[in-house]
Structures are given as C-alpha cells and as structure tokens.
Amino acid sequence: MSAVTDEQDKSADEPLRVGVLGARGRMGIEVCKAVDAAPDMELVAMVDQGDWLFNASDAGAEVVVDFTTPDAVMDNLHWCIDQGISAVVGTTGFTEARLERMRGWLARKPGVGVVVAPNFGIGAVLMMQFAERAASHFESAEIIEQHHPRKLDAPSGTATHTARLIAAARAAAGQGPAPDATRDEVAGARGCDIDGVRVHSVRATGLVAHQEVLFGATGETLTIRHDSYDRASFMPGVLLAVRKVRTRPGLTVGLDALLD
Ligand SMILES: NC(=O)C1=CN([C@@H]2O[C@H](COP(=O)(O)OP(=O)(O)OC[C@H]3O[C@@H](n4cnc5c(N)ncnc54)[C@H](O)[C@@H]3O)[C@@H](O)[C@H]2O)C=CC1
Ligand SMILES: O=C(O)C1=N[C@H](C(=O)O)C[C@H](O)C1
C-alpha cells in the first residue's frame, strides 16, 4: 500500500470509509455522530468491547478512530497497522516506549499512517503551545488538570504531555528545578512529578475536561487555561486528523503538524 496524496486517490464524491473503536463510550458516541454527519465520510463500523475487530476490515474501513482504554489500544493499533488501516487515536496512556513499538510496526507497513493526539481540542492544542512558549520565562510552573469523575487515568494525557513540553523547554534554556522548600506532610499533597513539573489532578461531577498551567516569576504569575465544556469540542480536531492521516504515513504525535 502506498501513501495517499492530499488530492486523495478516490474521486471527490466517494466518501472516506471510517470505523470507530470504543463506539459505545463517551467519546466514541460523539465520534460516530460527527463522522455520520460529515458529508465526505461514511461510518462503516462501530466496534466496542466484545465485538469482533474484523467488523472494521470486513466493512472496508480505510481509517479507524480509537477512543478505548490504555489497556486495549496497543492491541487495536497493532491489528489496524497489520491490516493496512490508518488510525486516529485519542486514547491516553502513550509512553515513549509505546510510541517506539508502534514505529516498529509502521516501518513494516510504509503506506499506513497513525495520528496519536493527547487532546483533539483546538484550544487545548494552542494552550499546550502557549505553555511551551512561556516555559523558559518563569522559574515556577505547575499544572492543574480537572476532569469528570468517570475518567480512568490520572494525570490526564494532556497534562502529562504539557509537563513534558514545559520540562524540555526549561532544560533547553538551562533552567534548574523550580524553587520549592515544601516538605509533604501528607503523601501527594504537592501532586505528582512529571519530569520535574508538578501536576495536580482534580475529579468532580459537573466537569468535562479542563486544564490550567500556572507560571510564576518574581512579582507576577501567568495562568493559561483551557476548558472543554462538551465533547463536541474535540470533533473538529478528530475529523481533521481522519481527513489527513492517510497523507501522513508513519507516526504523527499531536495535532500541531496538522494545523500548520
Ligand atoms: N485525545 C482526546 O482529545 C481525548 C481523549 N480521551 C481519552 O479517550 C479514552 C476514552 O475516553 P471515554 O470515551 O471518556 O471513555 P469510555 O470509558 O466512555 O469509553 C471507552 C470505550 O471503549 C470500549 N472498549 C474497551 N476496550 C475495548 C476494545 N478492546 N475494543 C473496542 N472497544 C473497547 C469500552 O467498552 C468503552 O465503551 C480515554 O483514554 C480518554 O482519556 C477522551 C477525551 C478526549
Ligand atoms: O478522559 C477524558 O475525558 C479526557 N482525556 C484526555 C486526557 O487525558 O488528556 C483529553 C481530555 O482531557 C479529556
């Protein structure tokens, strides 16, 4: 299978055939609605736990969207890549080791593309970019992420990714650790540490997905905040990735390159 160009290898009136994994989940339901409503796409498979993955390949899916669980996603992606199906992945839990394994699978299937994004909200992508830009100008940086209480993982994928971006920008600027004389009286009082950046996870009914990045320097603070009030906020980013993934063979991490 070879890479598809921006012009696509199909006539303009042929819709892109899309399958959704995790189709009965909170995000999966929203993705199915968005794909179904997109004039240039056809929803050909809705797969959830206990369903047969081959439903997607039997239905001729050209792109699969995965919003499942960190435990399920790697097996799903291995299968998709093996089948020559490109994938758009919002599921969290991606470590560098997992990304490297996926690069190995993709190396054997040169025409297949995978886009993995910790957050498909355009505002959230910009929030991460702004945080990366601000990072080297402030001696303190902490992240407060807030989510609905049915979220399985903490810290969020977005917070982990943001912390890594901030840490890399601080290291590149030769900054040392953020000042902090506090001794934890109770374990976890200062949140968790991701590459030297403190991350605090809040879970409360009524929340959807929210994050603040708080920077501090002498006499000033800067707060960069993003709020998703509705899962519809992730859909423009998901549909953009579905449209572009087949033009980007190999692994793309984050939505940034697709927005340029
Ligand atoms: N990147 C982004 O923009 C976003 C990412 N997420 C992430 O997406 C993931 C899913 O989130 P939610 O929809 O809230 O969770 P959810 O728990 O509502 O949905 C997950 C669905 O996956 C299904 N599932 C589990 N194993 C499966 C398998 N092997 N094959 C097919 N389906 C399987 C479950 O039955 C469930 O229906 C989480 O990791 C979450 O953090 C959520 C929102 C936005
Ligand atoms: O589980 C969620 O809801 C979300 N998960 C992603 C994450 O962990 O960052 C993206 C967004 O925050 C919503």
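These numbers come from the heavy atoms of this one structure, side chains and all, not from hydrogens, waters or symmetry mates. It should be emphasised that the depicted structure is a prediction, and the values quoted were computed from it without experimental measurement. Start at 1 and go down the list; that is how both ligands and their atoms are numbered. Along the sequence shown, residues carry numbers from 1.
Sorted by first and then second residue, the side-chain hydrogen bond (donor to acceptor under 3.5 Å, both in side chains) pairs involving residues 164-178 (not counting sequence neighbours) form an empty list.
Residue Asp153 forms a side-chain hydrogen bond (donor to acceptor under 3.5 Å, both in side chains) with just one option from Thr69, Thr91, Thr92, and that option is Thr92.
Neither the backbone nor the side chain of Ser156 comes within contact range of ligand 1; no heavy atom lies under 4.0 Å. By the criterion of a heavy-atom distance under 4.0 Å, neither the backbone nor the side chain of Ala124 is placed next to ligand 1.
An N or O contact shorter than 3.5 Å is missing between Phe234 and ligand 1 by distance. No N or O atom of Pro70 sits closer than 3.5 Å to an N or O atom of ligand 1. Where the criterion is an N or O separation shorter than 3.5 Å, residue side chain and backbone included, Arg231 fails it with respect to ligand 1. Not one N or O of Ala72 is nearer than 3.5 Å to an N or O of ligand 1, by distance alone. When only interatomic distances are considered, the shortest N/O to N/O separation between Gly121 and ligand 1 does not fall below 3.5 Å.
By the 4.5 Å heavy-atom criterion applied to side chains, Gln211 and Arg225 are not counted as neighbours. For the pair Val213/Thr162, a side-chain contact is recorded, criterion being any heavy-atom separation below 4.5 Å from C-beta on. In this structure, Gln129 and Asp256 have side chains that are in contact, with non-hydrogen atoms separated by less than 4.5 Å. The closest side-chain heavy-atom distance from Arg17 to Met41 is not below 4.5 Å.
For the pair Arg98 and Val73, the tightest heavy-atom approach, listed with the atom from each and the gap, is NH1-CG1, 3.7 Å. Taking all atoms of both residues into account, the shortest heavy-atom contact from Gly28 to Phe67 is N-CB, 4.4 Å.
At a threshold of 4.0 Å, the pair Arg183-Glu185 counts as salt-bridged, since one of the basic side-chain nitrogens sits closer than that to a carboxylate oxygen.
Shortest contact from atom 30 (N) of ligand 1 to any protein heavy atom: Asn76 ND2, 3.8 Å. Counting protein heavy atoms only, atom 13 (O) of ligand 1 is closest to Met27 N, 2.8 Å. The protein atom (non-hydrogen) at minimum distance from atom 8 (O) of ligand 1 is Phe67 CD2, 3.4 Å. Nearest protein heavy-atom neighbour of atom 32 (N) of ligand 1: Gln49 N, 3.2 Å. The protein heavy atom nearest to atom 19 (O) of ligand 1 is Gly25 CA, 3.3 Å. Nearest protein heavy-atom contact of atom 9 (C) of ligand 1 is Thr68 O, 3.4 Å. With respect to atom 7 (C) of ligand 1, the closest heavy atom belonging to the protein is Gly90 O, 3.5 Å. Protein heavy atom nearest atom 18 (O) of ligand 1, with residue, atom name and distance: Arg26 N, 2.9 Å.
Within ligand 1, counting atoms from 1 as listed, the ones closer than 4.0 Å to a heavy atom of Thr91 are 8 (O), 39 (O). Within ligand 1, counting atoms from 1 as listed, the ones closer than 4.0 Å to a heavy atom of Ala117 are 1 (N). Residue Gly22 has at least one heavy-atom neighbour below 4.0 Å for each of these atoms of ligand 1: 21 (C), 22 (O), 23 (C), 31 (C), 32 (N).
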Next on the checklist: For His200 and Glu142: C-alpha separation, side-chain torsions, deciding distance, then whether side-chain hydrogen bond (donor to acceptor under 3.5 Å, both in side chains) applies.
Outcome noted: CA-CA 8 Å; His200 310 268; Glu142 303 218 357; 2.7 Å; yes
Item to check | Verdict with supporting geometry, Glu212 and Thr223, side-chain hydrogen bond (donor to acceptor under 3.5 Å, both in side chains) | outcome: CA-CA 7 Å; Glu212 271 185 29; Thr223 303; 5.0 Å; no
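The closest approach between any non-hydrogen atom of Lys151 and ligand 1 is below 4.0 Å. Contact analysis leaves Gly157 out of contact with ligand 1, as no non-hydrogen atom separation drops below 4.0 angstrom.
With ring centers used as reference points, Phe120 lies 6.0 Å or more from Phe234.
Considering Val88, Asn119, Asp48, Val89 only, the shortest heavy-atom separation from atom 36 (C) of ligand 1 involves Asp48.
Remark: side-chain polar atoms of Asp48 are paired, donor with acceptor, to backbone N or O of Arg24 under 3.5 angstrom.
Ring-plane geometry between Trp79 and Phe54 is classed as perpendicular, the angle between the planes exceeding 60 degrees on a 0 to 90 degree scale with a lower cut at 30.
Within 6.0 Å of CZ in Arg133 there are 12 or fewer heavy atoms belonging to other residues, nucleotides or ligands.
To the nearest 0.5 Å, atoms CG (Leu106) and CD1 (Ile81) are separated by 4.0 Å.
For a heavy-atom separation below 4.0 Å, the residues in contact with ligand 2 are Thr92, Pro118, Asn119, His147, His148, Lys151, Ser156, Gly157, Thr158, Ala209, Phe234.
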